[in-house]
Amino acid sequence: MRRTKAEAEQTRQSIMETARGLFAERGVARTSLDQIAQAAGLTRGAIYWHFANKAELFTALRDAGLLPLFQGMGQMLREEAYGDPLNAVEEGLLHILHGLETEAGTRDTFSLISLKCEYVGEFRGVLASVLPRSEEWVGKIRAAYREAQRRQLLRPGLDPDMLALESQAFVFGLIRLWLMDESGATLRGKAEAMIRCHVATRRA
């Protein structure tokens, strides 16, 4: 039984890795489950045993690639990790940038989400799930801004809730522009400084 479960998980991971490669090469819309099955050396039925459809497979890829990254960011945003909550926000955002720069799987996953998927048809539900799934780490950023306000570290007149949403929009926009700047001539070398500037503008 244990071996069967292990083999099933190995097959699932093989499907996901094969799909990630084909999605990156051809785009999500132009890649069929038949092509994924053939490339993985499996039957279409084997794909359906693990995933109900292509959207579910894509969602599994997204979560596997990004959840560890955002969980790491959440750890950095714990108040006890840093004496200054604004430093915690800065380090958390830099953690995402570092993952983008150093982890091929993270980079590929962001690329699939941002540049290589059309969110139409069965994928409309995938798009609708993006913001709710990001609420956990946005909530931790919100808590850090509120704590900074309580300690009078936040610039007067700023709303911590709005700042958290702005940071969410900032980081997703930064990721997309970073991915588009493949030559690195425009933005990639400035991304760290942009994050530091983003947080510094909030400081009292």
Novice: Under the rule for side-chain hydrogen bond (donor to acceptor under 3.5 Å, both in side chains), what residues qualify as partners of R44, not counting sequence neighbours?
Specialist: D34, Y48
Novice: Shortest non-hydrogen contact from G99 to L69?
Specialist: CA-CD1, 4.0 Å
Novice: So T18 and Q38, do their side chains get closer than 4.5 Å, heavy atoms only?
Specialist: no
Novice: Taking only Lys NZ, Arg NE, NH1 and NH2, and the carboxylate oxygens of Asp or Glu, determine whether E135 and R142 approach each other closer than 4.0 Å.
Specialist: yes
Novice: Please check: side-chain N/O of R107 versus main-chain N/O of L100, any donor-acceptor pairing under 3.5 Å?
Specialist: yes
Novice: Nearest heavy-atom pair of E122 and K54: which atoms, and what distance?
Specialist: OE2-CB, 3.9 Å
Novice: Tell me if a side-chain donor or acceptor on R155 pairs with a main-chain N or O of T201 at a distance below 3.5 Å.
Specialist: yes
Novice: Got a sec, which residues hit side-chain contact (heavy atoms from CB on, under 4.5 Å) with T43, two or more places apart in sequence or on another chain?
Specialist: A46
Novice: Kindly compute the distance separating OH (Y145) from CG (L158), expressed to the nearest 0.5 Å.
Specialist: 9.5 Å
Novice: How about L42 and W49: do any of their side-chain heavy atoms sit closer than 4.5 Å?
Specialist: no
Novice: In the single-linkage hydrophobic clustering (I, L, V, M, F, W, Y; side-chain heavy atoms under 4.5 Å), do M180 and F172 co-cluster?
Specialist: yes
Novice: I need the full list of side-chain hydrogen bond (donor to acceptor under 3.5 Å, both in side chains) pairs touching residues 93-106, with sequence neighbours left out, sorted by first then second residue.
Specialist: none
Novice: Can you tell if the side chain of M16 reaches within under 4.5 Å of the side chain of R12, non-hydrogen atoms only?
Specialist: yes
Novice: Is there a side-chain contact (heavy atoms from CB on, under 4.5 Å) between R196 and E192 once you walk through the steps?
Specialist: CA-CA 6 Å; R196 296 191 187 281; E192 180 176 334; 2.9 Å; yes
Novice: Apply side-chain contact (heavy atoms from CB on, under 4.5 Å) to the pair L154 and L86, showing each step before the final yes or no.
Specialist: CA-CA 8 Å; L154 202 64; L86 292 180; 4.2 Å; yes
Novice: Any salt bridge between E9 and K5, counting N to O under 4.0 Å?
Specialist: no
Novice: Please determine whether the number of non-hydrogen atoms from other residues, nucleotides or ligands lying under 6.0 Å from atom CD of E136 exceeds 12.
Specialist: no
Novice: Sequence neighbours excluded, which residues qualify as ring-ring contact (aromatic ring centres under 6.0 Å, His included) partners of H198?
Specialist: F170
Novice: Please assess D159 against Q149 for the test side-chain contact (heavy atoms from CB on, under 4.5 Å), listing each intermediate value before the final yes or no.
Specialist: CA-CA 9 Å; D159 180 354; Q149 184 180 60; over 6 Å; no
Novice: How close do L112 and A24 get, counting heavy atoms only, and between which atoms?
Specialist: CD2-N, 3.6 Å
Novice: Flag yes if L94 and L187 sit in one hydrophobic cluster, no otherwise; membership is Ile, Leu, Val, Met, Phe, Trp, Tyr, and two members link when side-chain heavy atoms are under 4.5 Å apart.
Specialist: yes
Novice: Using side-chain heavy atoms (C-beta onward) and a distance below 4.5 Å, is E147 in contact with L153?
Specialist: no
Novice: Please tell me whether L115 and L177 are part of a single hydrophobic cluster in this structure, the criterion being side-chain heavy atoms less than 4.5 Å apart.
Specialist: yes
Novice: First locate atom CD1 of I36, then atom CG of L22, and finally report the distance between them rounded to the nearest 0.5 Å.
Specialist: 6.0 Å
Novice: Counting only heavy atoms from other residues, nucleotides and ligands, does the tally under 6.0 Å from CD of E118 exceed 12?
Specialist: no
Novice: Which heavy atom of D84 sits nearest a heavy atom of R203, and at what distance?
Specialist: OD2-NH1, 2.8 Å
Novice: Side chains of D108 and F23: closer than 4.5 Å at any heavy-atom pair?
Specialist: no
Novice: Rounded to the nearest 0.5 Å, what separates atom CG in N53 from atom OG1 in T59?
Specialist: 8.0 Å
Novice: Please collect all ring-ring contact (aromatic ring centres under 6.0 Å, His included) contacts where either partner lies in residues 104-124, sequence neighbours excluded, each pair once.
Specialist: F58-F123
Novice: Measuring from atom CG of D63 to atom OG of S129, what distance do you get when rounded to the nearest 0.5 angstrom?
Specialist: 7.5 Å
Novice: With rounding to the nearest 0.5 Å, note down the distance linking CD in E25 to OG1 in T31.
Specialist: 8.0 Å
Novice: Among pairs that include at least one residue of residues 179-189, which meet side-chain hydrogen bond (donor to acceptor under 3.5 Å, both in side chains), considering only residues two or more places apart or in two chains?
Specialist: none
Novice: Measuring from atom CZ of F51 to atom CG of L61, what distance do you get when rounded to the nearest 0.5 angstrom?
Specialist: 7.0 Å
Novice: Work out which heavy atom in V28 is nearest to a heavy atom in C117; give both atom names and the distance.
Specialist: CG2-CB, 3.9 Å
Novice: With the 4.5 Å side-chain cut-off for hydrophobic clustering, are L93 and L165 part of the same group?
Specialist: no
Novice: Answer yes or no: are there more than 12 heavy-atom neighbours, outside R26 itself, under 6.0 Å from its atom CZ?
Specialist: yes
Novice: Could you see if I113 belongs to whatever hydrophobic cluster contains L67? Use Ile, Leu, Val, Met, Phe, Trp, Tyr and a side-chain cutoff under 4.5 Å.
Specialist: no
Novice: Would you mind checking if E166 and R202 are paired as a salt bridge, meaning a charged N to carboxylate O distance below 4.0 Å?
Specialist: yes
